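Counting begins at 1 with the first residue of the sequence. Remember, it's a predicted structure, so these values are computed and weren't measured experimentally. Counting starts at 1 for both ligands and their atoms, following the listed order.
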Amino acid sequence: KRVAILISGGGSNMVTLVDSMVGDHPARPVLVASNDPNAGGLAKAAERGIPTAAVDHKPFGKDRAAFEAELLKHIEAAEPDILCLAGFMRILTPDFIARFEGRMLNIHPSLLPKYKGLHTHARALEAGDSEAGCSVHEVTAELDDGPILGQARVPILDGDDPDTLAQRVLRQEHLLYPQVLRRFASGNRDILHLT
Ligand code: GRF
């Protein structure tokens, strides 16, 4: 299976996905693309010999469709079977999602369906939750709402702030996403629960 990965920043999740696709793994990375030409992850992908593309979303303003049309040129040229959103911070239109429905994954730093959207760790802390975590789900038109494919939980500890909690969750993201991708690429849709 050919996997394209979309990033917006440092791409730590992209790196763990790329580094997991070796040996008898059923998938290989064919593209890393970003909405930010300065995304640190682009250099990490290039170091790994993976084709990269960057389409700055800012010149397109509110015209999401025009931005996506440009991004799609790069994605479709790579002919991916699976699209992985990994720290990708743009909301995609239903039209874009429809092209990849059933073969597009995202990792979200909360135990969905709780805390869809942004600032998930601050919200969990604010709510006084005893645990937090991350979810890998299939992307559908509704934000952070598609079928869940995997989750990992972490304890919320006394003295945690959004940064300490984010670090603890991110470590689990790096374990969860590669395992879910490997199962997904081999046709296994069973939910994976880590820890
Ligand atoms: C992190 O906040 C992570 O929880 C979320 O996207 C952000 C950046 O991740 N998935 P990455 O290092 O760019 O993969």
Side-chain angles (χ1 to χ4, degrees), residues 3-21 27 29 31-48 50 52-57 71 75 80 82-92 97 100 104-127 129 131-140 142-157 160-182 184 192 194-195:
V3 175
I5 306 173
L6 300 189
I7 66 171
S8 294
S12 70
N13 275 290
M14 173 275 296
V15 166
T16 54
L17 289 176
V18 163
D19 290 351
S20 75
M21 287 185 262
L31 176 71
V32 171
S34 180
N35 64 291
D36 179 352
N38 300 313
L42 291 169
K44 296 173 188 169
E47 278 163 24
R48 287 163 171 78
I50 300 163
T52 62
V55 178
D56 188 346
H57 69 273
L71 185 61
I75 293 173
I82 298 171
L83 205 50
C84 288
L85 307 183
F88 187 67
M89 303 306 278
R90 304 299 298 168
I91 290 181
L92 295 162
I97 291 168
F100 296 99
M104 179 156 57
L105 306 182
N106 180 45
I107 187 153
H108 180 75
S110 82
L111 292 172
L112 291 173
K114 293 180 80 171
Y115 310 127
K116 296 176 184 176
L118 296 174
H119 312 303
T120 59
H121 305 306
R123 292 155 68 192
L125 288 165
E126 183 61 35
D129 292 354
E131 62 176 14
C134 51
S135 308
V136 176
H137 63 96
E138 286 190 43
V139 176
T140 56
E142 170 119 9
L143 183 67
D144 299 330
D145 187 69
I148 290 173
L149 294 169
Q151 288 198 317
R153 315 174 96 81
V154 301
I156 291 180
L157 305 175
D160 265 336
D161 62 26
D163 288 340
T164 57
L165 184 51
Q167 283 169 38
R168 193 171 309 125
V169 171
L170 192 60
R171 274 197 295 280
Q172 293 301 314
E173 292 180 37
H174 296 165
L175 296 174
L176 178 67
Y177 211 169
Q179 292 188 53
V180 170
L181 174 61
R182 186 179 181 120
F184 190 81
L192 174 65
L194 292 189
T195 59

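- Under the rule for a ring-ring contact (aromatic ring centres under 6.0 Å, His included), Y115 has no partner lying at least two apart in sequence or in another chain.
- Closest approach of L125 to P162, counting heavy atoms only: CD1-N, 3.4 Å.
- Inter-residue side-chain proximity for T16 and E173 is flagged as unmet; no heavy-atom pair is nearer than 4.5 Å.
- Side-chain contact between L17 and V3 is absent, with no heavy-atom pair separated by less than 4.5 Å.
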Give one line per pair: atom of ligand 1, protein atom, distance. Only N/O to N/O under 3.5 Å.
from     : atom 1 : to   : atom 2 : distance (Å)
ligand 1 : 4 (O)  : E173 : OE1    : 3.2
ligand 1 : 4 (O)  : E173 : OE2    : 2.5
ligand 1 : 10 (N) : E173 : OE1    : 3.1
ligand 1 : 12 (O) : S12  : N      : 3.0
ligand 1 : 12 (O) : S12  : OG     : 2.6
ligand 1 : 13 (O) : G11  : N      : 2.9
ligand 1 : 14 (O) : S12  : N      : 3.3
ligand 1 : 14 (O) : N13  : N      : 2.8
ligand 1 : 14 (O) : N13  : ND2    : 3.1

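- Side chain of K44 to backbone of G10: a donor-acceptor contact under 3.5 angstrom is found.
- Using a 4.5 Å heavy-atom threshold, the side chains of K116 and L143 count as separate.
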